[in-house]
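Following: one structure in structure tokens, then a few remarks.
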Number of protein chains: 2
Amino acid sequence: MSPRKSAAEARRTRERIIERSVAMASVEGLEGLTIGRLAGELGMSKSGLLGHFGTKEELQLAALRRASAVFSRAVWEPARDLPPGLVRLRAVCEAWATYLDRERDTFPGGCLFTTSAVEFDARGPGPVRDAVARLHRTWQHRLLADIRTAVAAGELPAATDPEQLAFELNGVYLSLNHAVQLFGDRTAPDRTRRAVARLLGG
Amino acid sequence: MSPRKSAAEARRTRERIIERSVAMASVEGLEGLTIGRLAGELGMSKSGLLGHFGTKEELQLAALRRASAVFSRAVWEPARDLPPGLVRLRAVCEAWATYLDRERDTFPGGCLFTTSAVEFDARGPGPVRDAVARLHRTWQHRLLADIRTAVAAGELPAATDPEQLAFELNGVYLSLNHAVQLFGDRTAPDRTRRAVARLLGG
DNA sequence: TTAGAGTCCGACCGATCGGTCGCTATAGTC
DNA sequence: GACTATAGCGACCGATCGGTCGGACTCTAA
């Protein structure tokens with residue numbers, strides 16, 4: 001029935017698939033993705049859809065990469081050119097809070113980058129779990145770098161343990177996600193900002 | 001083949017099913033539970049298994065209740081008779097950290113009480129999501145009660161915002177779960193204790 | 001202009017999903 | 001000792017799962 005599309009249209013199709021996958025996975029989880037439902041919602045056949053990825057696992061990886069890219073674009077990239085150290089760290093933290101509070105269109109079920117960590121943390125090793133762990137480790141290193149710079153520059157107390165600070169910062173955002181998603185708590189973003197201010201020196 | 005068992009044996013069977021469900025769900029998620037696999041691992045038929053619960057949803061609820069009970073028994077009950085306020089709060093927090101660090105036998109995939117919150121926070125309302133939210137709200141209220149008592153007794157600074165403190169405490173334990181499950185980070189329990197000490201006044 | 005590459009579909013596959021039904025055999029009750 | 005309630009089984013249900021295959025079709029490169 002509907003024949004081959006141009007390479008550009010094919011790219012757009014792939015794009016649509018990934019976007020819808022991210023949205024679906026943010027609600028149902030990466031394992032909750034199903035080719036059939038996805039194809040149905042996109043008005044295309046299962047085989048046509050799967051042709052773009054080969055296997056469900058590749059589709060999951062594509063959705064995960066996209067989720068990570070969306071996170072990065074919203075939280076990291078706007079701050080990239082700021083001076084490393086406390087200034088950039090503060091900007092990143094503010095963007096992070098705003099992001100978790102507002103990113104409802106691409107992630108109707110909340111940040112997939114965050115939830116995929118919990119979904120796969122218990123599973124045996126595999127491409128998806130490995131990718132989840134790698135992405136989170138990368139993000140953690142990014143935070144750590146600015147923390148260390150800030151400590152070295154005297155912007156944070158010399159006694160600061162960078163890994164401890166990163167650990168606690170991460171917890172604040174996990175708590176934000178928890179409060180927003182499970183309870184719809186609209187005070188959580190402000191609580192997050194207060195907690196961060198205390199951690200980084202208000 | 002195998003006929004009816006005594007009421008006592010039936011209760012033990014039900015118990016085995018729930019235990020195995022909790023273990024499986026801690027890895028695969030409550031939605032990842034499947035009657036077929038469960039029955040296979042327990043060496044019984046699907047229909048025999050389902051007879052104890054009626055529907056998969058009831059099985060999920062039973063597993064969730066059990067996970068909550070295990071959590072409560074490990075974290076809350078040992079501290080129950082301590083004096084309300086900071087003393088009991090500290091005991092609870094210590095037990096909580098130990099629990100997330102060690103409870104590997106009943107929860108091979110990490111605390112189900114914790115992960116079910118992330119799994120269901122994005123899903124539409126329903127008995128399971130409602131139960132998850134209710135259990136977490138109850139736990140939060142329990143923490144809040146001791147925090148308020150501690151503030152009233154002057155054991156915590158008068159300026160303390162109890163909900164803010166509960167929010168941050170929760171984040172510390174979410175971060176602990178994250179670090180232990182995703183990275184196998186063995187330093188996380190100590191980081192947790194340090195963070196809690198700072199929050200509650202070391 | 002023609003050959004190849006590649007997109008998408010429809011039909012189909014075996015496996016598994018949650019769940020139902022009729023049955024057997026025993027435990028508990030009178 | 002007869003009756004009943006019920007634990008558990010095996011066969012089966014329609015739906016859906018991830019995935020394969022061959023063909024129809026068109027874009028693109030030669």
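Below, chains carry the letters A, B, ... as their sequence lines are ordered, and counting in each starts from 1. Because the structure is predicted, anything quoted here is derived from the model rather than measured.
- Listed by chain and number, the residues in a salt bridge (charged side-chain N to carboxylate O under 4.0 Å, His left out) with B/Arg142 amount to none (sequence neighbours excluded).
- Listed by first and then second residue, the salt bridge (Lys or Arg N to Asp or Glu O under 4.0 Å) pairs involving residues 99-114 of chain B amount to none (not counting sequence neighbours).
- Not counting sequence neighbours, the partners of A/Glu155 by the side chain to side chain contact (heavy atoms under 4.5 Å, CB included) test are A/Leu86, A/Ala150, A/Ala153.
- If you take CG of A/Leu59 and P of D/dC17, they are 13 Å apart, rounded to a whole angstrom.
- If you measure from atom CD of A/Gln60 to atom P of D/dC17, you get 14 Å, rounded to the nearest angstrom.
- For the pair A/Glu9 CD and D/dT28 C1', the interatomic distance rounds to 14 Å; values are reported in whole Å.
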Is there any protein nitrogen or oxygen under 3.5 Å from a nitrogen or oxygen in nucleotides 18-20 of chain C, and what are the pairs?
residue, atom, partner, partner atom, Å
C/dG18, OP1, B/Leu33, O, 3.1
C/dG18, OP1, B/Lys56, NZ, 3.1
C/dG18, OP2, B/Ile35, N, 2.9
C/dG18, N7, B/Lys46, NZ, 3.1
C/dG18, O6, B/Lys46, NZ, 3.1
C/dG19, OP2, B/Lys56, N, 2.5
C/dG19, O6, B/Lys46, NZ, 3.1

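- Atom CZ in B/Arg14 sits about 14 Å away from atom P in D/dT6, given to the nearest Å.
- Distance, B/Arg11 CZ to D/dT6 P: 14 Å, rounded to whole Å.
- As a whole-Å value, the separation of A/His52 NE2 from C/dT7 P is 6 Å.
- Here the two rings, on A/Trp76 and A/Phe71, have centers that are 6.0 Å apart or farther.
- Computed from coordinates, the A/Arg12 CZ to C/dT7 C1' distance equals 14 Å when rounded to whole Å.
- Contacts classified as salt bridge (Lys or Arg N to Asp or Glu O under 4.0 Å) and involving residues 68-97 of chain A (residues at least two apart or in different chains) are given here: A/Arg88-A/Asp146, A/Glu94-A/Arg193.
- For residues 175-202 of chain B, the set of pairs meeting the ring pair (Phe, Tyr, Trp, His ring centres under 6.0 Å) definition, not counting sequence neighbours, comprises A/His136-B/His178, B/His178-B/Phe183.
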